[in-house]
Amino acid sequence: MIPRIQDLEQLKQMKWECVGKVTKVFVYPVKSCKGLSVDSASAEFRGLVYKAARDRSFIITTEKGTMITGRMVPSTVLIQATFEDSTLTLTFPGMEALHVDTKEVEKNYMCLKTNIWGEDTYGLDCGKGCLLLLYHADLPASRVSNHPLGSRCPLLRDDDHSLYADFGGYMLMTAESIADLQTRVSSKIAAEDFRPNILIEGTKKPYDEDEWQYVKIGNTIFRNTVPCSRCIFTTISAETGKKNPDMEPLCTLKTYRCEKGMDSPSFGINLGLDLAGEVSVGDEVHITRSKSSFEYVKG
C-alpha cells in the first residue's frame, strides 16, 4: 500500500502545475440530501467538515437497515440539512422542520447496522419512525476501499474510505468537464447534480483531471485514487428533485466515458487525503501529472 506523503521536503521536490482555482466547496451532512455550499471547510481523513457538519455522517434507512438514497427516492435531494452546535435540522418544502440533538443521540447510544453496497457499517439511531436516521458519530469507520478498477489505481489505499459516502471521502470535478457534457445533452445540467465536494475551474481542457496524480489545494494534499463511477443518480435534478425522462445525462456519458469492459461511465475523480488542511473557494489548485491508465471507449 502506497504511503501517504508526510515529508514537506518531498512536496518541494515534486513538479507542481497550477491548473485552476476552487470555485465551490460542498458538504453533504446527510447522504443523498441537499449539500451545503460553503466558503471553506476542513479536510479530514473521512471527509470535509464545516463547523459541526461532517460530510455524509448521517444516513436515512428503513427500519430493517436498508439505506434510502436519491436513486430510490429522488426527492431526498430537496431535504436541506444544517448543523449548528450539536443540533441537526432537516427541512423539506411544505413540511415542519425536524431537529436532532446529536448529544442526546450519542448519550442514548443505540447502535444499528446498515449496508452500503455490500459492506456493513453502523450508526446511532436518531429516533424511531417509518424511516430511520442514523448518525455515524465517532464509531469506527471499518469499510474497505474495494473498487472494480482498484488494481489499476496505484494511489488507492485500503483505508481511503469514508463514513456513508458511496466510495471515498472526497470527489472532485472540473467546470470544464461539466461544460463539455452540457454541449452533448439538450437538458440543462448543473454541477450540483453530480454532488462533488470540490469544484475546480480554469483547466486547459475538459477531463484534464483524468491525468492528475497528486492535488494540492492550499496546504492540503490529496491523491487521485480512482475515477468516479456514475449511476442513475446523475439523472436527478438537484434543483427540482425530479428524474430526467430520457435518462440524461447518464445515457450520453455512457457513449464516451465508459472504461473498456465497464458498464458505468466515469465523471470526476475520487480523492484520498495525505495531508489534512483547509479547502477554500478561491484557492489555487496545483497538481502533479501522470498519464491516465484508463481507456475510455465510445459506446
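Worth saying up front: this structure is predicted, and the values here are computed from it rather than measured.
- Salt-bridge annotation for Lys205 and Asp180: absent, with no side-chain N of the basic residue lying under 4.0 Å from a carboxylate O of the acidic one.
- When all heavy atoms of Cys111 and Leu139 are compared, the closest pair comes out as SG-CD1, 4.1 Å.
- In plain terms, the two heavy atoms of Glu106 and Leu124 that are nearest each other are CA-CD1, 3.9 Å.
- Partners of Ser40 under the side-chain hydrogen bond (donor to acceptor under 3.5 Å, both in side chains) rule, at least two apart in sequence or in another chain, are Glu278, Ser280.
- Residues Leu275 and Thr220 approach most closely at O-CG2, 3.2 Å, considering heavy atoms.
- Judged purely by atom type and a 3.5 angstrom limit, Asn270 has no side-chain atom pairing as donor or acceptor with the backbone of Met171.
- The 12-atom threshold is not exceeded at CG of Asp39, counting heavy atoms of other residues, nucleotides or ligands nearer than 6.0 Å.
- Classification of Asp210 and Arg257 as a salt-bridged pair holds, one side-chain N sitting under 4.0 Å from a carboxylate O.
- A distance-only check finds a donor-acceptor pair linking the side chain of Thr114 to the backbone of Gly65 [under 3.5 Å].
- A donor-acceptor pair shorter than 3.5 Å cannot be found between the side chains of Ser290 and Gln213.
- A 6.0 Å sphere centred on CD of Gln182 holds more than 12 heavy atoms belonging to other residues, nucleotides or ligands.
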Could you pull out every donor-acceptor pair under 3.5 Å between side chains of residues 185-194 and any protein atom, sequence neighbours left out?
from	atom 1	to	atom 2	distance (Å)
Glu192	OE2	Lys24	NZ	2.9
Asp193	OD1	Ala238	N	2.9
Asp193	OD2	Ala190	N	3.0

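- Taking the side chain as every heavy atom from C-beta outward, Val49 and Arg54 approach each other to under 4.5 Å.
- Partners of Asp101 according to the side-chain contact (heavy atoms from CB on, under 4.5 Å) rule, which considers only residues two or more places apart in sequence or in another chain, are Ser86, Lys103, Glu104.
- Qualifying side-chain contact (heavy atoms from CB on, under 4.5 Å) partners for Ile232, counting only residues two or more places apart in sequence or in other chains: Arg71, Thr235, Lys243, Met247.
- Grouping Ile, Leu, Val, Met, Phe, Trp and Tyr by side-chain contacts under 4.5 Å, direct or through others, puts Ile200 with Val19, Val22, Val25, Val27, Leu36, Val38, Phe45, Leu48, Tyr50, Tyr170, Leu172, Ile198, Trp212, Val215, Ile217, Phe222, Ile269, Leu271, Leu273, Val279, Val281, Val285, Ile287.
- Of the possible polar contacts, none joining the Asn224 side chain to the Tyr214 backbone as a donor-acceptor pair under 3.5 Å is found.
- Of all heavy-atom pairs spanning Thr62 and Ile68, the tightest one is CG2-CD1, 3.6 Å.
- Taking every heavy atom of both residues into account, Arg184 and Tyr207 meet most closely at NE-OH, 4.3 Å.
- When all heavy atoms of Tyr164 and Gly123 are compared, the closest pair comes out as OH-CA, 3.1 Å.
- Remark: Tyr135 engages Phe58 in a ring-ring contact (aromatic ring centres under 6.0 Å, His included) (not counting sequence neighbours).
- More than 12 heavy atoms of other shown residues, nucleotides or ligands fall within 6.0 angstrom of atom CD in Glu17.
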